[in-house]
Amino acid sequence: MNYIFEGVIGAFYLLLAKDPETYSAIWTTLRLSTLSITCTLIVGIPLGFLLGHYNFPGKRAVRTLVDTLLALPTVVIGLLVYAFISRRGPLGDLGLLFTIPGVAIGQFILALPIVVSLTASAIEGIDPKIYLTLRTLGASDMQAALSSMWEGRYAVTAAAVTAYSRVISEVGVSMMIGGNIKWHTRTITTAIALETGKGEFSMGIALGIVLLAFALTANTLVSSLRRRA
Amino acid sequence: MNYIFEGVIGAFYLLLAKDPETYSAIWTTLRLSTLSITCTLIVGIPLGFLLGHYNFPGKRAVRTLVDTLLALPTVVIGLLVYAFISRRGPLGDLGLLFTIPGVAIGQFILALPIVVSLTASAIEGIDPKIYLTLRTLGASDMQAALSSMWEGRYAVTAAAVTAYSRVISEVGVSMMIGGNIKWHTRTITTAIALETGKGEFSMGIALGIVLLAFALTANTLVSSLRRRA
Amino acid sequence: ASQYLMMATTTSTDNTGLLNVIAPAFEKTTKIELRWTAVGTGKALELGKNCDVDVLLVHAPDKEKKFIEEGYGINRREVMYNDFVIIGPRTDPAGIKGLKAIDALKRIKSKKAPFVSRGDNSGTHSMELELWKKANITNIDKEEWYIQTGQGMLNTINIAAERDGYTLTDRGTFIKYEANHNGNPPLVILVEGDQLLFNQYSVIAINPKRCPKVKYDLALKFIEWITSDEGQKLIADFRLMGKQLFVPNAAR
Amino acid sequence: MKNIFRLENIVHRYSERTVLDISKLEIAEGEVVALVGPNGSGKSTLLRILAFLEKPTEGTVFYNGKLVKEPSFTQRREVTLLLQNSPLLRRTVEENVSYGLKMRKDTHNIKERVKRALEMVGLSPEIFAKRKWFELSGGEAQRVALAARLILRPKVILLDEPTASVDSESARIIKEAVFKARDEWGSTLVIVTHDLPWVYQITEKILSLFKGKLINYVPENVLAGDWKPYNDGLLALRLADGQILIGAGSPQSGSLALLDPKDVIICTEMPEEDSALNSILGTITSMSLISESGQVLVKVNAGGKTISSLVTEKSVKNLHLHPGLKVYLHFKASALKWI
Amino acid sequence: MKNIFRLENIVHRYSERTVLDISKLEIAEGEVVALVGPNGSGKSTLLRILAFLEKPTEGTVFYNGKLVKEPSFTQRREVTLLLQNSPLLRRTVEENVSYGLKMRKDTHNIKERVKRALEMVGLSPEIFAKRKWFELSGGEAQRVALAARLILRPKVILLDEPTASVDSESARIIKEAVFKARDEWGSTLVIVTHDLPWVYQITEKILSLFKGKLINYVPENVLAGDWKPYNDGLLALRLADGQILIGAGSPQSGSLALLDPKDVIICTEMPEEDSALNSILGTITSMSLISESGQVLVKVNAGGKTISSLVTEKSVKNLHLHPGLKVYLHFKASALKWI
Ligand SMILES: Nc1ncnc2c1ncn2[C@@H]1O[C@H](COP(=O)(O)OP(=O)(O)OP(=O)(O)O)[C@@H](O)[C@H]1O
Ligand SMILES: Nc1ncnc2c1ncn2[C@@H]1O[C@H](COP(=O)(O)OP(=O)(O)OP(=O)(O)O)[C@@H](O)[C@H]1O
Ligand SMILES: [Mg+2]
Ligand SMILES: [Mg+2]
């Protein structure tokens, strides 16, 4: 119980005293998650639309496959990406190991099924008459796709929020690919894992609260955007 | 690259040769995830309905809070639960630490925001006229809630699938609360983490494939249920 | 610093805080930044095999020798040691206090007292398995009292504390654990000082012949520095709770 | 007769905009009430309040003599509403129709009852019972939704444009079904429709809403336009063909003139000059018999506006009125009511 | 005149059920076509095919003389369809109406054009432009959807029940707006409606669908019921009041009799006996003038069935027909067509 109490106080201390290690981790988390979520949304939302909107043979199978990939553990993603970008892997020359872009690749793989699956569900939930309406008003395929996403914007945002949360709270990929290197690839979550490993439980909780504060900021932004729309 | 190749072969070996350690982990994963997802759905779906359906002051704030809790890292959840159920914690006498029910508590905390948030989105996506229709046909509050969930069944299932995937792929809570104790609380994911830590990367990938096979089975079941409805 | 050196090391060197002292000093002297990833010994060696790091700081002598023999690494130098201790509840239900390591394990087995093993192929785990072997105790994998955690040292100690069990730990981590409990931990040292419980840490440079891209020159500089008087003194002076954690023993 | 609904001082607002303002409204048990009014006049809103789906912003609702604060479950179940463009549930037709009964756990002989309800709205159970909700045409869906209400044999049936997209033959069947409900089960009916001939056929009790207010006129003749001051404090509206309508009174700006069809007399000749008397030339476009009342609703197109007049069958006969005939419409300037 | 649409051998099926079966259909440019038929006869399906939203299961569609396999983007944009119960987009009224123009990147003077489109459907831009999609009544929403189509000034406008839930004054405005489209922009119009008097008013070209097939009769008089064999190979249908309708021909079982209103003669006296001639007593319920054609559609209720007759204004005058009058309807047994 004390951990929690000390953790709360510790969180305030870290944030208010501008602890440089903590701020470095926050900054890394921000850069990393922005990079990975941007890529994921750019690729995932169109794929989710295609999967949710069109009927094609094997659609159910693809859907089941995507849902299955939701269960990919982060460590496994870390291993898979590592196999490719390790120096002896096929992409070793790119020097992506222990870098933020490298971790972003893993987080992309992690978040993509979430975005695809939930966007597809969001699109399926839209009244099919809406799509017909868009077409009768002369929307091109692309315009109709964008507009029907706008019609289902709450559910699409939910997909994005879920994926973003997954990305900032994950530790397996960041640890495996990023290496938790101090000042460089240490994110809030890998810092938490480190502190917990050291037995510094209240520090772990304090950093956890810092992460939640970070997520709260992001969500408040999203929520105020939502309100405007 | 070899890791992946060896991993695939290893997965077949583990499954076909009925490796007892692997099957023990599969069985633990099954028991644990069934317990935690059941509790989560029982609590989370009604809460999600309330949050999605009713308008009340502070609704947006609650929604933002739930979305923020989506970002709770598993290690932090592990720490929080540990603080309560450790022998020196307030619930220490229940002896929940290093047991499956103990881990289930943590996974419940992990999955609950997912179910609540996505169910709320699903409910918000339903044409409000549907709820009115249910009421005009004489449905009680409870019946109308259940029926409107049925109307949004695709999105509600998506919430459940996402939460279940999160539960079976998480490692932080299982490690922290379960202790990854061989033959007892070792799940597929904690086994993966262990093998990876040992440097047995191909074994980690093999176990990852085992987990995916597990998830595929579950999703195929869900998908065939979906088809019937 | 424009140049940096990538090191893979075991969790104990990082968790105790030693590297937080060494890295700045090294950079100050050589203008080379030290970056490290703290993983299990097994994983550290695997990273080395894949040429993903430049240098290793690990503690599993047998595996290290194999690593060198297979040509993955060169220039192995011993750096420091600490020792392993067997810890357990103050009440010591199995009564092992003061015994030799082998006898203590035999006692634990006969009393079926809970023994918590890391079970993760780490240096500590390798040492533990060796001790069981020396005590001629086999087939304990499925015993009710033999708990395998597959986790890091501190978590394993915590599990042992929760279970009122015994475990084998390196002294550094135990001091850290003591510190976490403000010097009054539930588990205390019951067996120490046995010659068998010696824990050697070494540095290894990755073989540039196999891995042309590794920063072999920087790795050599690091090895040279850590085995130098300056490095060795830093290790000797590193203290937690006023206790020394590692004993420098680099051979000249 | 007992009142089933009594509404007092009902005001309903959507974000500051008042859409309903009814000081008193009584509906007797077993009565058939037609609710008419232009788009946006508050008809659907009133039905939602009567169905306890919405609470009025202000005012009190009495149901069956009892003040309703929170409608009880039984109260709610006694009243059913067919929403405007009612959606179907994502189930088969059969499940849609039986839904209400299942919720009531009243499943005795349910297959048979679903069959009969479908037949009541003119849908063949063999063809439609197993169809999915999206495998229906617009009118078919509308009728399934109606069947889902009729099967409940409720005390009060509120229907929001039940025949909007239904073909004429089916409309007839539906009208019959609705009457069956009143005659056999004694249901009270409130029906919103734009089909005025039907309204006149089914009931004498016509509630006419206009901008949220109950008015005493059937809004057959709503004379909107640019009313301008004229001699003697009168107002004038110029029609497209140059004729001038004259009204008395002092309306507020932007208000509309209403003219009760009963106040309009049809003549075949030009009457004497009288400044306060309108006498407008137009062509009869249609004539409809109003059920058994022996009255005929005559619609006349005068300068692009349609003005209706309610005349007796006898005068239709005497005047030899017929569609296409040019006639004069006479009504007093004071017959125009302003709202 | 040039054909804008030519359909050949169109068959459309939903999971094995044939809902449309048209061997040939031509629609000329600038024409106004009314599409009528009972619920489920395939009207909406046909409109979806004309709007290129759906591909017929079999058959070919020519648009503007060209065979359409995959409709080009331009082709699609030239045709707009108002869906039955058209949903609005989850945006403001203004954004709904301007959506099509924005998609065309044609945003010149857009505010003004939105205003005019709203006025065209009788909605005040000041009141409605900023409203959200759900802040509208049923009829208001319907009119916003229509405005969103009219603003595009398309070559072809397909309207699926544009006046279904619209009040009579607004219906008049909409009807005017639709004509403006034809007269000013030369648009081709296809209108689905159950409002038959309107149909007769607007066009001579009436396409009548019945169970997916084009038939040559306006389905005013669909005489469904239990037709039974009678003397001389004729068939008979007993009405509720005991009178008997007689038909000739050999229909398939379950088929319906159609009677063209033009084939029905109204008399005020009982004619001579003739076994092959029907002579049914009924009461006139309504009479409507058919635009400028000088004809009047007279509806007669005979034994619960409504039978329409199309007569000249002159004979209406001569016979002194008026609602409420009892008349005899004469038509040959062979005038009944079976489908
Ligand atoms: N949810 C809402 N929010 C704001 N305004 C609304 C809402 N629902 C309806 N209105 C407005 O309230 C008024 C009354 O609407 P109502 O639906 O009761 O009209 P109605 O008489 O049923 O019209 P119609 O014949 O078109 O169905 C209209 O001006 C409408 O724009
Ligand atoms: N998606 C669908 N799947 C299966 N059957 C359908 C589907 N849509 C329509 N139908 C059926 O096709 C037939 C024609 O439907 P359509 O909507 O074209 O009729 P309609 O003439 O527009 O009728 P209404 O006047 O009721 O709008 C109907 O029998 C209907 O049940
Ligand atoms: Mg309405
Ligand atoms: Mg239709």
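Every heavy atom of this structure was used, including side-chain atoms; hydrogens, water molecules and symmetry mates were not. Numbered from 1 within each chain, the chains take letters A, B, ... in sequence-line order. Everything quoted here is computed from the prediction, not taken from an experiment.
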Distance in Å, B/S165 OG paired with A/R166 CZ, rounded so as to fall on 0.5 Å steps: 10.0 Å
How many angstroms lie between OG1 in A/T74 and CD in B/E170, if you round to the nearest 0.5 Å? 9.5 Å
Donor-acceptor contacts, no H, no angles, side chain residues 200-218 of chain B, under 3.5 Å, sequence neighbours left out:
unit_1 : atom_1 : unit_2 : atom_2 : d
B/S202 : OG     : B/E6   : OE1    : 3.0
B/T217 : OG1    : B/A213 : O      : 2.7

Under 4.5 Å heavy-atom distance to chain B, tell me which part of A/Y82 shows up: side chain, backbone, both or neither. side chain
The interface call for A/M175 against chain B, heavy-atom contacts under 4.5 Å, is neither
Please determine, among A/I168, A/T189, A/L69, A/L72, the option with the most heavy-atom pairs under 4.5 Å with chain B. A/L72
Relative to chain B, which of A/V161, A/L80, A/N219, A/V76 shows the most heavy atom pairs under 4.5 Å? A/N219
Could you check which of B/I188, B/T196, B/V171, B/L65 has the highest count of heavy-atom pairs closer than 4.5 Å to chain A? B/T196
Quick check on the interface: out of B/V75, B/L79, B/I192, who has the most heavy-atom pairs with chain A under 4.5 Å? B/L79
The interface call for B/T162 against chain A, heavy-atom contacts under 4.5 Å, is both
Pull out the residues in residues 109-122 of chain B that come under 4.5 Å of chain A, heavy atom to heavy atom, sorted by number. B/L118, B/S121
Pair B/R60, A/S223 - check side chain to side chain contact (heavy atoms under 4.5 Å, CB included), show working. CA-CA 8 Å; B/R60 260 162 48 84; A/S223 159; 3.2 Å; yes
